[in-house]
Protein chains: 2
Amino acid sequence: MVESTTTIYDVARVAGVSMATVSRVVNGNANVKEKTRQKVLDAIAELDYRPNAIARGLASKRTTTVGVVLPTITSPYFAAIARGIDDVASMYNYNVVLANSDNDEEKEGKVIESFLSKQVDGIVFMGSSLSESVRNQLVGTRTPVVLAGAIDGDKELASVNIDYHKAAYEATKKLLKTGKKVAYVLGSLNDAENVERMVGYQEALEEAGVKFDEALVFEGNYSYENGRNLAQHLIDKNVNSAVISVDDVAVGLLNSLQEKGVKVPTDFEIIAGSNSALTQYSFPALTSVNQPLYDLGAVSMRLLTKLMLKEEVAESQLILDHEIINRRSTK
Amino acid sequence: MVESTTTIYDVARVAGVSMATVSRVVNGNANVKEKTRQKVLDAIAELDYRPNAIARGLASKRTTTVGVVLPTITSPYFAAIARGIDDVASMYNYNVVLANSDNDEEKEGKVIESFLSKQVDGIVFMGSSLSESVRNQLVGTRTPVVLAGAIDGDKELASVNIDYHKAAYEATKKLLKTGKKVAYVLGSLNDAENVERMVGYQEALEEAGVKFDEALVFEGNYSYENGRNLAQHLIDKNVNSAVISVDDVAVGLLNSLQEKGVKVPTDFEIIAGSNSALTQYSFPALTSVNQPLYDLGAVSMRLLTKLMLKEEVAESQLILDHEIINRRSTK
DNA sequence: TTGTAGGCGTTATCAA
DNA sequence: TTGATAACGCCTACAA
C-alpha cells in the first residue's frame with residue numbers, strides 16, 4: 001500500500017465537498033454540519049490522508065516547531081534540560097528541532113540562521129556563554145527566544161536560570177562549617193554564570209573570615225579528565241574540600257583522589273554542582289547542588305509558549321530555586 | 001533592525017533581475033553570469049535576505065531534514081548514537097528533528113506520523129524493539145528509513161546493528177576463562193537484540209561445558225536501581241561474575257556490591273555491555289563490551305543519505321564490529 | 001544567460 | 001454552513 005501524495009483535493013472529491021470544507025474539519029473549525037464532517041472524516045480515513053505540514057506552514061506562517069540549540073546532546077546536563085523542554089513542547093503540541101552548537105560561536109550562528117530559515121515559531125537557546133554576535137542575532141529577530149541556563153547581561157532576552165551566586169555561596173558555606181580548606185572548581189570565567197559563582201564563593205569566605213586565595217580557584221574545567229588531573233594539585237595545596245560546578249569534573253576528581261588513597265568524605269569533601277545522574281552513580285555518591293535541570297527546560301519552554309502565543313508575561317527573567325542534596329561525599 | 005519577510009522578489013527588484021535568476025544564485029546554479037551573480041549577492045546582503053526553507057520545501061518536495069526517533073534523549077546510550085547521526089547529518093547538510101518516543105508504541109506511531117507530515121526526507125529509528133504496527137508504518141512509507149540499533153526480523157528495512165550475539169558470547173567466555181560462575185543481566189526478552197544475547201551466552205556456557213541455569217539470567221533490567229537491587233540476589237546465589245548489557249545497571253550493581261563489602265574485581269567480576277561514559281567514570285572503571293555507538297549513528301545516517309539520494313546500496317543490513325575494553329572490573 | 005508562468009498543498013478572505 | 005479564489009515564497013520547466 002504505497003502512498004502517493006493524496007491532497008486535500010482528493011479528500012474533497014471523495015467526500016463530495018469543497019476543499020475549504022475539508023480544511024475546516026481538519027482544523028477543527030466548528031462551522032461544519034455534523035453530517036458533512038462525518039463524510040469528510042470517512043474520506044480521510046479511506047484515503048489515508050495526512051495533512052502536509054510544510055504547505056500548512058507556508059500558508060499559515062506557523063510551523064508549530066521550536067528550535068533548540070544546545071552545546072552537545074551527549075552531556076547529561078543539557079540532555080536533562082532538553083528533556084524538560086521536549087515534554088512541555090509536546091504538551092503544547094510543538095515539535096522540537098534540536099541542533100548541536102558545540103559551544104562554538106560560529107556554529108551557534110549558523111544553527112540559529114537555519115532555524116530562522118526553517119521558520120520555527122520560537123527558539124530556546126542553551127549555552128554557557130552568550131557571545132555578542134549571537135546575542136545580536138537573537139535580539140534582532142522577531143521570533144520569540146528564551147535563554148535556558150544562559151545569562152543576557154542586558155536582560156533584553158527572556159531567560160530562565162538558577163541562582164548560581166547563591167548556590168555557590170551556600171555550598172562553600174557548608175564546607176567551611178566543618179572547618180575545611182575549600183577550593184572552587186568551575187568552567188570558564190568568560191561565562192557570566194561562573195563569574196556569579198566566583199562571587200558567591202568569595203562572599204562565603206569573607207563571611208567566615210577566611211582570606212580568599214586565588215590559587216584555590218580552578219578555572220576552565222569541564223571534563224572528567226580535568227577532574228582527574230586536579231587531584232594531585234589539590235593534595236599538594238593541602239586542600240581538603242572542593243565545590244565543583246561541573247559534575248563530570250567532580251567525578252573525575254573523586255575517582256582520582258580515591259585511587260591516591262584519599263578517603264572521601266573523611267579526608268576530603270566534595271560538593272558537585274549539577275546533581276546530574278552522575279552524582280548518584282559515583283561511589284560514594286556525591287553531595288550536590290541540585291539544579292532543577294528538567295524544570296529549567298520545562299519552565300523555559302513554558303515561557304516560550306507564552307511568548308509565541310503573545311500571552312501576557314509578567315516577568316521574563318526567571319530564577320529557579322535550587323537546593324543541596326546531601327549524599328556521601330560530605331560529612 | 002526588525003526583519004519583515006523579505007522575499008526573493010525583493011532581492012530581484014533591488015538587483016534588477018528576475019526572481020528566477022535570484023533563485024539560481026541562491027541554489028548555486030552555474031548558469032549565471034558572474035557579474036549578475038555579484039549584483040544578486042549584493043542585494044541579498046543589503047536586504048539581509050534569508051531563503052524560506054518552508055516555501056522551498058513545498059516547491060521542491062525536499063526539506064533537507066531527517067527525523068530521528070529515540071526512546072529518550074537522557075540516555076547516554078542513545079545520546080551517543082544521536083551524536084553520530086547528527087554529525088553525519090550536518091556533514092551532508094541535513095537538519096535533524098529529534099523526538100522522544102519513551103519506548104512507547106503509541107508514541108512511536110505518533111512521532112513517525114508527525115515526521116511524515118513534516119515531509120522529512122528520511123527517518124532514523126532507534127528503539128529496543130520494533131512493534132508490528134510501527135514496522136508496518138515504516139515499511140509502508142516511501143520515505144527512506146534506517147533502523148539504528150534495532151532489528152527487523154524480516155530484514156525488509158535497512159538497519160545498522162552490533163553483533164549482539166557474538167558480543168555476549170565473547171564476554172561470557174572471557175569470564176568463564178577465570179573459572180567464574182557467571183550471571184547474565186539484560187533488558188526485556190521481547191527485544192530481538194536481547195534474545196540474541198541470550199543465545200550467545202548459552203553458547204559460551206555450552207562450549208565450556210557449564211550447564212545453563214535459568215536462575216542466573218536476569219531479564220528486564222534497565223535502570224541503576226535495578227542494578228542495585230540485583231546485588232543481594234547474586235550474592236545469595238554464589239554468583240561471582242556478570243555480564244550486564246545495560247551500563248546503568250552495571251554501575252548500580254557495582255556500587256551496591258562494594259557497599260556490601262564485595263571486592264571488584266577480586267571477589268566479583270563485571271563486564272558492562274555498552275561502554276558508555278558511565279563505564280569510565282565508575283570506580284573501579286568497568287571492563288566493557290565496546291559497542292561503537294557513535295559509529296552506529298554515523299553509519300546509520302550515512303546509509304540513510306544513500307537511500308535518500310537514491311545511490312546504490314550493496315548491503316542494507318549492516319553489522320558493526322565491537323570489542324572488549326579491559327578496565328578494572330575484571331582480572 | 002535570463003525571464004515567464006505554472007505549480008507545490010494549505011490557509012484564509014469573501015461571497016453566496 | 002459552504003464554496004471560490006487569492007495568497008504563502010519558492011522551484012522549475014519552457015521560452016526567449
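Residue numbering restarts at 1 for every chain, and letters A, B, ... go by the order of the sequence lines. Values below: all heavy atoms of this structure, side chains included; hydrogens, waters and symmetry mates excluded.
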- Query: Contacts to DNA chain C from residues 34-43 of chain A, heavy-atom cutoff under 4.0 Å, which residues?
  - Reply: none

- Message: For chain B and DNA chain C, what are the first and last nucleotides along the strand, 5' to 3', with at least one atom under 4.0 angstrom from a heavy atom of the protein chain?
- Response: C/dT1 to C/dG9

- Query: Rounded to the Å, how far apart are A/Asn52 CG and D/dC8 P?
  - Reply: 19 Å

- Under a 4.0 Å heavy-atom criterion, the protein footprint on nucleotides 11-16 of chain D, written with B, S and -, is BB----

With a cut-off of 3.5 Å and sequence neighbours excluded, list every side-chain donor-acceptor pair involving residues 79-88 of chain B.
from: B/Arg83; atom 1: NE; to: B/Asp87; atom 2: OD1; distance (Å): 3.4
from: B/Arg83; atom 1: NH1; to: A/Thr72; atom 2: OG1; distance (Å): 3.1
from: B/Arg83; atom 1: NH1; to: A/Asp102; atom 2: OD1; distance (Å): 3.2
from: B/Arg83; atom 1: NH2; to: A/Asp102; atom 2: OD1; distance (Å): 2.6
from: B/Arg83; atom 1: NH2; to: A/Asp102; atom 2: OD2; distance (Å): 3.3
from: B/Arg83; atom 1: NH2; to: B/Asp87; atom 2: OD1; distance (Å): 3.4
from: B/Asp87; atom 1: OD2; to: B/Tyr294; atom 2: OH; distance (Å): 2.6

- For A/Asn100, all residues meeting side chain to side chain donor-acceptor pair (under 3.5 Å), sequence neighbours excluded: none

- Any side-chain N or O of A/Ser18 under 4.0 Å from OP1/OP2 of D/dG3? yes

- Item | For the student: nearest non-hydrogen atoms of B/Thr6 and B/Tyr49, plus distance | O-CD1, 3.3 Å

- Item | d(CG, B/Leu58; P, D/dA7) in whole Å | 17 Å

- Item | Closest approach of A/Lys118 to B/Thr63 (non-hydrogen atoms, all atoms of both residues) | NZ-O, 3.6 Å

Please tabulate, for side-chain N and O atoms in residues 305-314 of chain A, each donor-acceptor pair with protein atoms closer than 3.5 Å (sequence neighbours left out).
from: A/Thr305; atom 1: OG1; to: A/Arg302; atom 2: O; distance (Å): 2.5
from: A/Thr305; atom 1: OG1; to: A/Arg302; atom 2: NH1; distance (Å): 2.6

- For A/Asp121, enumerate each residue passing the salt bridge (charged side-chain N to carboxylate O under 4.0 Å, His left out) test, keeping only those at least two apart in sequence or located in another chain. none

- Query: Is it true that a side-chain atom of B/Ser75 and a backbone atom of B/Phe78 form a donor plus acceptor pair closer than 3.5 Å?
  - Reply: yes

- Where is the tightest heavy-atom contact between A/Leu147 and A/Ser300, given as atom of each residue plus distance? O-OG, 4.4 Å

- Message: Under the rule for side chain to side chain donor-acceptor pair (under 3.5 Å), what residues qualify as partners of A/Tyr222, not counting sequence neighbours?
- Response: A/Asp191

- With a 4.5 Å limit on heavy-atom distance, are the side chains of B/Glu113 and B/Gln137 in contact? yes

- Task: Name all residues meeting the salt bridge (charged side-chain N to carboxylate O under 4.0 Å, His left out) criterion together with B/Glu105; count only those two or more places apart in sequence or in a different chain, and write none if there are none.
- Result: none

- Item | Results of side chain to side chain contact (heavy atoms under 4.5 Å, CB included) for B/Glu46 - residues two or more places apart only | B/Val14

- Task: Please name all residues satisfying side chain to side chain donor-acceptor pair (under 3.5 Å) with B/Thr64, sequence neighbours left out, ordered by chain then number.
- Result: none

- Using the C1' atoms of the five pairs at each end, what is the angle between the end axes of the helix from C/dT1-D/dA16 to C/dA16-D/dT1, to 10°? 30°

- Is A/Thr21 near enough to D/dG3 that one of its side-chain N or O atoms lies under 4.0 angstrom from OP1 or OP2? yes

